[in-house]
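Written out below as structure tokens is the structure these notes cover.
Throughout, a chain's letter reflects where its sequence line sits, starting with A, and its residues are numbered from 1. All values reported here derive from a predicted model rather than from experimental measurement.
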Amino acid sequence: MRYWLMKSEPDDVSIDDLAAKKTVAWYGVRNYQSRNFMRDQMQLGDKVLFYHSSCEVPGIAGLAEVSKLAYPDATQFDKKSKYYDGKATKENPRWFNVEVKFVKKTPVITLPELRSHKELEKMRVLAKGNRLSITPVDPAEWEFITHKLVK
DNA sequence: GCCAACGTTGGC
DNA sequence: GCCAACGTTGGC
């Protein structure tokens, strides 16, 4: 069992969208490190901090869970998609996505709040220059966030 | 809209 | 395989 933080732009898929749809495919990741986390490490039932990025109030907006293992991201084959990748083929797909299911919505835990807790100072998402859309979360960080910050 | 940080690309 | 140029991310 592992823990993850996954960034989504709420204009694209917000925690409310996930709550309404119950499950979403995490398509559109075009970074190898993030892809590898999904393809090689994520297991069914892994816990996910759902993070809103590039928006008015960036921060953790809810909890989710991996509900389907990684499979080829359909948008890489779709010429009309902004995620289209001409170098990817069905025989040799380049990009993968898992699916996650809704667990709960939380009041947004903002970046300043996350940074204010010593227990969370090592979180990858808070590291300077971090641009990964998917980062591993330590079990202790998960415990702190889900038990101390989310009632 | 700015810009620091950093990943990717491609010429050599 | 180096590395400059370029593109993207994402908070502010």
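Atoms CD1 (A/I134) and C1' (C/dG10) sit 16 Å apart, rounded to a whole Å. In this structure, the CG atom of A/D85 is 15 Å from the C1' atom of C/dG7, given to the nearest Å. Rounded to whole Å, the distance from OH on A/Y83 to C1' on C/dT9 is 12 Å. For A/H52 and C/dG10, the NE2 to P distance is 14 Å, given to the nearest whole Å. Distance, A/E56 CD to C/dG11 C1': 13 Å, rounded to whole Å. Straight-line distance from the CG atom of A/N31 to the C1' atom of B/dA5: 13 Å, rounded to whole Å. The distance between atom CG of A/L5 and atom C1' of C/dT9, rounded to the nearest whole Å, is 15 Å. In this entry the distance linking CD of A/E9 with C1' of C/dT9 reads 9 Å, nearest Å.
Hydrophobic clustering (side-chain heavy atoms under 4.5 Å, transitive across Ile, Leu, Val, Met, Phe, Trp, Tyr) keeps A/I15 apart from A/V108.
Side chain of A/S133, nearest nucleotide from C/dC12, C/dT8, C/dG10: C/dG10. When distances run from any side-chain atom of A/R131 to the nucleotides B/dG7, C/dG10, B/dT8, the shortest one goes to B/dG7. Residue A/Y51 places its side chain closer to C/dG11 than to any other of B/dA5, C/dG11, B/dT8.
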(message) One pair to check against salt bridge (charged side-chain N to carboxylate O under 4.0 Å, His left out): A/K105 and A/D16. What are the steps and the verdict?
(response) CA-CA 8 Å; A/K105 182 179 177 176; A/D16 290 325; 2.9 Å; yes
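Contact annotation: A/K7 side-chain N/O to C/dG10 OP1/OP2 distance is under 4.0 Å.
A cation-pi contact, defined as under 6.0 Å to the ring centre and within 45° of the axis, links A/K68 to A/Y71.
Using a 4.0 Å cut-off between charged nitrogen and carboxylate oxygen, A/D73 and A/R30 count as a salt-bridge pair. A salt bridge links A/D85 and A/R94; the closest N-O separation between the charged side-chain nitrogens and carboxylate oxygens is under 4.0 Å.
Residue order along DNA chain B, read from the 5' end via each residue's closest nucleotide, puts A/K128 first among A/R30 and A/K128. Comparing A/Q33 and A/K87 by the nucleotide of DNA chain B that holds the closest heavy atom to each, the one mapping nearer the 5' end is A/Q33.
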